[in-house]
Amino acid sequence: MNTEIKNIKKDYLIIGNSAAGISAAESIRKNDKKASIAILTMEKYPNYSKPLITYYLAGKLDLDRINFKDRDFYKKNNIELCLEKKAVMLNPQERFVLTGDGSKYFYKKLLIACGAKPAIPPIKVRDENESVSSLDREIGKIRGAFTLTTLEDAVEIKKYINDYSIKSASILGGGLIGLKAAEAFLELGININVIELSEMLLSASFDKTASGIIEDRIKQAGSNIITGQTIEEIIINNGAVLGLKLTNGNKIKCSLLIVAAGVLPDDAIFKDTAIKTDKGIIVNEKMQTSIPDIYAAGDAVKSYDILSGQPKNLAIWPAAVRQGSVAGMNMSGRPAIYKGGFLMNSVEILGVPVISLGLSNAEINASPAEIKVYIVHDALKKIYRKILVRNDRIIGVILLGAIERAGIYYGLIYNSIDISELKDKVAREDFGIIQLPADYRKHLVVGEGIEV
Ligand SMILES: Cc1cc2nc3c(=O)[nH]c(=O)nc-3n(C[C@H](O)[C@H](O)[C@H](O)COP(=O)(O)OP(=O)(O)OC[C@H]3O[C@@H](n4cnc5c(N)ncnc54)[C@H](O)[C@@H]3O)c2cc1C
């Protein structure tokens, strides 16, 4: 680690070297060829695709194939990448960011793209010698208990699995990160217990049918799903996890626990500033915070869900990339607007791929008159396709087992296309470009004068 303490001056300073931060840096460089740009990251890896860390864990990708920008990206774009530089404090009056080693990075424009941190539920940690603590204090210290949001987490988990020849694991949380961990462990032949507080997996996006199909698949493979429960206590001995006590009193032996109970925007750096937050940094359409020369993008912000019309933290990679790009353009003087987005998930469990888009279970709390649901379900083939339509527009999709044309559905939702003429066809497996409204088909075709 570079421990030299300095005062550094940059035109553009970016906290975060991932989807949002790098996308912003690219936009800035496109518009401003000469300005100085620095990116701070508290991690030691140059850059990596977060959605791929569980593929690394599963042994499907090596460390040298997990990056999404080439090694020479920073040099080619004249961007200074500052690895292992943790921003610890922001001083907006004097316009600098203090890093853990005492250096001050002065900026003209700042982007906060520091992502989210793992949410740690209130769980007791009981040592066998009867001393009691809490998981938020102990996580990172207990051998065998991990979060999984960074490449370093995945590297440590992989090492732990190899060092201790782990054959079974428990995962707290059946959301996206929990299911991706499950996918990796099942690939490695590790039996799992998924412990999920709600009554179904991926409850933000799935419905009972989709969750049921995935649950059955996991159970058939000899693993376990426990819904409607959480962990009350983690039992440890000599600093290592030994077992779990659930809220129903059941006990589970455990030597590897993944805490995947969601993520929370990380506000540690700016909580004592005038930057307005509400479970995420509040930004306007330009991705500007309440302090004019400070922008924010990605998992750290509360952005806007175009389907619910509500402010929402859209903690997904494509939203972070788009928001970063819009922030970078505005920071470098080219007006751009982020109109909002919607949630998407993609995961594959034991050969069953699932994609969900938008308000994919909104019918649960709506009347049939408000939201129409079109379903194709083939239980034998494990195919389930559900399309939700409100006011003749698709607002949600679950594609399970047959995920073709997810991109078309994405476009129909994002562009709010009227699908009144093809409602009964929308869930079919052969649904494709040819059924789309003629005007929209033209919009999809690349190249002049091509008629479809
Ligand atoms: C296991 C997993 C699987 C996922 N799978 C998918 C998927 O399939 N599809 C999808 O769309 N999304 C997925 N996501 C979500 C997606 O990865 C995030 O939405 C995206 O990475 C957010 O990008 P970001 O740039 O806002 O922040 P992050 O990617 O979280 O990056 C934050 C950056 O800020 C740096 N940083 C943080 N704090 C500081 C500090 N104090 N000082 C200096 N640097 C700091 C970090 O080092 C990092 O470089 C997944 C996430 C995880 C964890």
Side-chain angles (χ1 to χ4, degrees), residues 13-25 38-58 66 68-69 81-90 97-101 103 105 110-119 146-154 157 171 173 175-184 202 205 258-271 280-281 287 296-301 303 313-325 327 341-348 353-357 410:
L13 181 64
I14 297 172
I15 307 173
N17 179 42
S18 185
I22 290 183
S23 166
I39 299 182
L40 306 181
T41 172
M42 59 184 182
E43 296 176 61
K44 65 179 183 195
Y45 298 97
N47 72 68
Y48 62 89
S49 171
K50 215 162 244 204
L52 296 185
I53 61 177
T54 49
Y55 293 81
Y56 161 76
L57 186 58
I66 201 167
F68 63 99
K69 291 289 171 202
L81 174 63
C82 311
L83 296 173
E84 294 181 90
K85 284 277 186 185
K86 182 170 178 175
V88 291
M89 198 263 280
L90 164 64
V97 168
L98 182 72
T99 55
D101 60 359
S103 299
Y105 285 78
L110 172 69
L111 176 73
I112 302 171
C114 60
K117 61 180 179 194
F146 299 88
T147 54
L148 177 53
T149 59
T150 64
L151 182 54
E152 186 63 23
D153 293 336
I157 296 166
I171 300 168
L176 179 68
I177 299 176
L179 284 187
K180 289 213 156 194
E183 180 186 2
L202 211 66
S205 310
I258 306 297
V259 180
V263 292
L264 294 170
D266 192 352
D267 65 356
I269 317 161
F270 46 86
K271 67 171 184 294
I281 303 173
M287 307 311 295
D299 284 8
V301 307
S303 62
N313 183 268
L314 300 170
I316 53 169
W317 186 271
V321 170
R322 181 73 196 130
Q323 291 168 10
S325 166
F342 52 85
L343 274 185
M344 297 185 277
N345 284 302
S346 164
V347 65
E348 182 168 330
V354 200
I355 288 181
S356 62
L357 306 172
Y410 172 85

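Numbering of ligands and ligand atoms starts at 1, following listing order. Every heavy atom of this structure was used, including side-chain atoms; hydrogens, water molecules and symmetry mates were not.
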Exercise for review: Without swapping roles, check the side chain of N313 against the backbone of S303 for a donor-acceptor pair under 3.5 Å.
Suggested key: no
Check your understanding: Which of the listed options, L83, N313, D299, holds the heavy atom that is closest to atom 18 (C) of ligand 1?
Key -> D299
Review point. How close does the nearest protein non-hydrogen atom get to atom 20 (C) of ligand 1, and which residue and atom is it?
Key: W317 CE3, 3.8 Å
Practice item. Please determine if T54 has a nitrogen or oxygen closer than 3.5 Å to a nitrogen or oxygen of ligand 1. Key: no
Exercise for review: Report the residues that fulfil side chain to side chain contact (heavy atoms under 4.5 Å, CB included) with L343, sequence neighbours left out, ordered by chain and then residue number.
Suggested key: K312, L314, I316
Exercise for review: Quick one: list whatever passes salt bridge (Lys or Arg N to Asp or Glu O under 4.0 Å) with E348, sequence neighbours left out.
Suggested key: none
**Study point:** Any K85 side-chain heavy atom under 4.5 Å of D101 side chain
**Key:** yes
**Study point:** Test item: I281 and D267 side chains (from C-beta on) under 4.5 Å apart, heavy atoms
**Key:** no
Study note, to complete from the structure: Per-atom filter on ligand 1: closer than 4.0 angstrom to a heavy atom of G298 are 26 (O)
Point to revise | 4.5 Å side-chain heavy-atom contact, V354 and N345 | key: no
**Study point:** A320 neighbourhood, listing ligand 1 atoms whose heavy-atom distance to it stays under 4.0 Å
**Key:** 22 (C), 23 (O), 26 (O)
Check your understanding: For ligand 1, which atoms have a heavy atom of I316 less than 4.0 angstrom away?
Key -> 11 (O), 12 (N), 19 (O)
Review point. Can K85 be said to touch ligand 1, with heavy atoms closer than 4.0 Å?
Key: yes
Practice item. Work out whether the distance between some heavy atom of A300 and some atom of ligand 1 is less than 4.0 Å. Key: no
Exercise for review: Apply side chain to side chain contact (heavy atoms under 4.5 Å, CB included) to I15 and L110, showing your working.
Suggested key: CA-CA 8 Å; I15 307 173; L110 172 69; 4.1 Å; yes
Check your understanding: What is the distance from atom NZ of K180 to atom CG of L57, rounded to the nearest 0.5 Å?
Key -> 12.0 Å
Practice item. Report the part of I269 (side chain from C-beta onward, or backbone N, CA, C, O) that has a heavy atom under 4.0 Å from ligand 1; answer both or neither where that applies. Key: side chain
Check your understanding: How far is atom 17 (O) of ligand 1 from its nearest protein heavy atom, and which residue and atom name does that atom have?
Key -> K50 CB, 3.2 Å
Study note, to complete from the structure: Atoms of ligand 1 under 4.0 Å from any heavy atom of L40, numbered from 1 in the order shown, are 44 (N)
Point to revise | Per-atom contacts of ligand 1 with I15, taking only distances under 4.0 Å to non-hydrogen atoms | key: 42 (N), 43 (C), 44 (N)
Practice item. Provide the number and element of each atom of ligand 1 under 4.0 Å from a heavy atom of A113. Key: 32 (C), 33 (C), 34 (O)
Practice item. Give the numbers and elements of all ligand 1 atoms closer than 4.0 Å to a heavy atom of N17. Key: 33 (C), 48 (C), 49 (O)
Point to revise | Check: N17 and Y45 side chains under 4.5 Å, non-hydrogen atoms | key: no
Check your understanding: Does ligand 1 have a heavy atom under 4.0 Å from the side chain of C114, from its backbone, from both, or from neither?
Key -> both
Exercise for review: Would you name the heavy atoms of A119 and V259 that are closest together and state the gap between them?
Suggested key: O-CG1, 4.3 Å
Check your understanding: Are side-chain N/O atoms of T54 and E183 paired as donor and acceptor at under 3.5 Å?
Key -> no
Check your understanding: Any sub-3.5 Å donor-acceptor pair from E84's side-chain atoms to K44's backbone N or O?
Key -> no
Point to revise | Option nearest atom 7 (C) of ligand 1 (shortest heavy-atom distance, choices P51, S18, G21, A87) | key: P51
Check your understanding: Is the backbone N or O of I66 less than 3.5 Å from a side-chain atom of Y56, with the two atoms forming a donor-acceptor pair by type?
Key -> no
Practice item. Using distance alone, decide if ligand 1 has a nitrogen or oxygen within less than 3.5 Å of any nitrogen or oxygen in P318. Key: no
Check your understanding: Within the structure, does L148 bring an N/O atom to less than 3.5 angstrom of an N/O atom in ligand 1?
Key -> no
Exercise for review: State whether the shortest distance between N or O atoms of T41 and N or O atoms of ligand 1 falls below 3.5 angstrom.
Suggested key: yes
Exercise for review: Pick one of side chain, backbone, both or neither for how I177 approaches ligand 1, counting any non-hydrogen atom pair under 4.0 Å.
Suggested key: side chain
Exercise for review: Name the orientation class of the two ring planes belonging to W317 and F68 (parallel below 30°, tilted from 30 to 60°, perpendicular beyond 60°).
Suggested key: perpendicular
Check your understanding: Short list, please: which atoms of ligand 1 are under 4.0 Å from a heavy atom of A315?
Key -> 15 (C), 19 (O)
Exercise for review: Kindly confirm or rule out an N or O of D266 lying under 3.5 angstrom from an N or O of ligand 1.
Suggested key: no
Point to revise | Check: A20 N/O within less than 3.5 Å of ligand 1 N/O | key: yes
Review point. Does an N or O from L176, backbone or side chain, lie closer than 3.5 Å to an N or O of ligand 1?
Key: no
